[in-house]
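First comes the structure, then the notes that go with it.
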Amino acid sequence: MIATTEANAGTVAGYSRISRLLHWLIVLLIIGVFGITYFWAGPSHRTLLQIHKSLGVTILVLMLMRLLHWAVVPRPKLLPAPGWQHAAARISHFLLYAAFIVQPALGWSNSMMTGKPVNYFLLGNLPSFLPQNKELADKLIAIHFALPNFIMALVALHICAALYHYIVIRDRTLQRMISGS
């Protein structure tokens, strides 16, 4: 039986190796997927677009794995902080998780609905289980193009909060995601 995340909250001191691995792997993939968008003009556009799509699908899968892991493995107990900081952390983490799932799902859905398959790292096309619908695809891709600004703002907030805990408060918030202790 899978325990709820609330039942697991606060039962360990630090993040598990798998939690940390998934976190930092997703960080690297997010940097890659954003970085590619700055270089894909010109003759290598199609190749870079396929890598962008492949990285996006990988992020989606890893985020779903992270949610499953989060539901099963105990999370660290909250460090002492004002209630508003705990609430802000919960809200920002929820928004980050949602954005890192919705963003690649929108991109993959657009690819399926426009009949432009995702060739996953040149290993073959991923299945297309959505019907072609150019009108809906145009709406999804508009959201997909707008969401990165929101994601970058969330990531900046997340980094600033981690640095605030490390530099100003001098607690173990950042160290728990780096070393697990």
Side-chain angles (χ1 to χ4, degrees), residues 5 15-73 75 89 91-134 136-163 174 176-180:
T5 56
Y15 290 97
S16 71
R17 282 187 183 167
I18 293 174
S19 289
R20 295 188 327 266
L21 175 67
L22 288 171
H23 176 274
W24 293 110
L25 186 54
I26 291 167
V27 167
L28 291 174
L29 292 171
I30 295 292
I31 291 168
V33 84
F34 272 97
I36 283 173
T37 64
Y38 292 102
F39 299 104
W40 66 11
S44 60
H45 173 72
R46 287 181 190 232
T47 302
L48 291 175
L49 180 59
Q50 285 302 324
I51 294 170
H52 174 85
K53 290 179 180 185
S54 297
L55 291 173
V57 170
T58 305
I59 290 167
L60 176 61
V61 169
L62 291 176
M63 284 302 300
L64 294 174
M65 289 173 56
R66 192 157 183 208
L67 280 177
L68 178 62
H69 181 73
W70 191 35
V72 176
V73 175
R75 291 180 302 178
I91 292 167
S92 64
H93 279 99
F94 171 81
L95 291 172
L96 280 167
Y97 274 64
F100 290 153
I101 290 170
V102 169
Q103 180 69 346
L106 288 170
W108 189 8
S109 296
N110 173 268
S111 290
M112 287 186 272
M113 291 182 179
T114 57
K116 298 174 184 168
V118 175
N119 186 335
Y120 191 73
F121 291 114
L122 305 176
L123 298 173
N125 291 342
L126 295 178
S128 180
F129 48 84
L130 295 176
Q132 289 192 12
N133 183 336
K134 175 99 171 82
L136 181 56
D138 288 344
K139 292 176 183 173
L140 295 179
I141 203 64
I143 298 168
H144 184 76
F145 287 150
L147 199 52
N149 293 325
F150 178 68
I151 291 172
M152 285 189 277
L154 282 174
V155 168
L157 177 66
H158 186 70
I159 292 168
C160 288
L163 292 174
L174 182 59
R176 294 191 318 170
M177 187 47 79
I178 293 172
S179 66

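Remember, it's a predicted structure, so these values are computed and weren't measured experimentally.
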Is there a side-chain contact between [X] and [Y] in this structure, where contact means two heavy atoms from C-beta onward sitting under 4.5 Å apart?
X    : Y    : value
I101 : L67  : yes
M177 : R20  : yes
Y15  : H23  : no
V155 : I159 : yes
I59  : M63  : yes

Are there over 12 heavy-atom neighbours, none belonging to F121, within less than 6.0 Å of that residue's CZ?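 Counting neighbours around CZ of F121, more than 12 heavy atoms of other residues, nucleotides or ligands fall under 6.0 Å, so yes.
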Spacing of [atom1] belonging to [X] relative to [atom2] belonging to [Y], to within rounding of 0.5 Å:
X    : Y    : atom1 : atom2 : value
R46  : I51  : CZ    : CD1   : 14.5 Å
F94  : L96  : CZ    : CG    : 11.0 Å
N110 : L130 : CG    : CG    : 10.5 Å
L49  : S54  : CG    : OG    : 9.5 Å
F100 : L95  : CZ    : CG    : 11.0 Å
H69  : L62  : NE2   : CG    : 12.5 Å

Closest heavy-atom contact between [X] and [Y]?
X    : Y    : value
N119 : L122 : OD1-CA, 3.1 Å
W40  : L48  : CA-CD1, 3.6 Å
I143 : Q103 : O-OE1, 4.4 Å
Q132 : G115 : NE2-CA, 3.3 Å
T114 : A137 : CG2-CB, 3.6 Å
L140 : S109 : CD1-CB, 3.8 Å

Donor-acceptor pair between S44 and T47 side chains, under 3.5 angstrom: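 No, because no side-chain N or O of S44 sits under 3.5 Å from a partner of the opposite role on T47.
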Set of residues satisfying ring pair (Phe, Tyr, Trp, His ring centres under 6.0 Å) with respect to F129, sequence neighbours excluded: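 If we apply the ring pair (Phe, Tyr, Trp, His ring centres under 6.0 Å) test to F129, skipping adjacent residues, the hits are W108.
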Not counting sequence neighbours, which residues clear ring pair (Phe, Tyr, Trp, His ring centres under 6.0 Å) with H144? List them please.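 Partners of H144 by the ring pair (Phe, Tyr, Trp, His ring centres under 6.0 Å) criterion come out as none, since no residue qualifies.
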Please determine whether side chain to side chain contact (heavy atoms under 4.5 Å, CB included) holds for the pair I18 and V73, giving the CA-CA distance in whole Å, both sets of side-chain angles, and the decisive distance to 0.1 Å. CA-CA 10 Å; I18 293 174; V73 175; over 6 Å; no
Would you confirm whether S179, through its side chain, and R176, through its main-chain N or O, come within 3.5 Å as a donor-acceptor pair?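 Checking the backbone N and O of R176 against the side chain of S179, no donor-acceptor pair under 3.5 Å is found.
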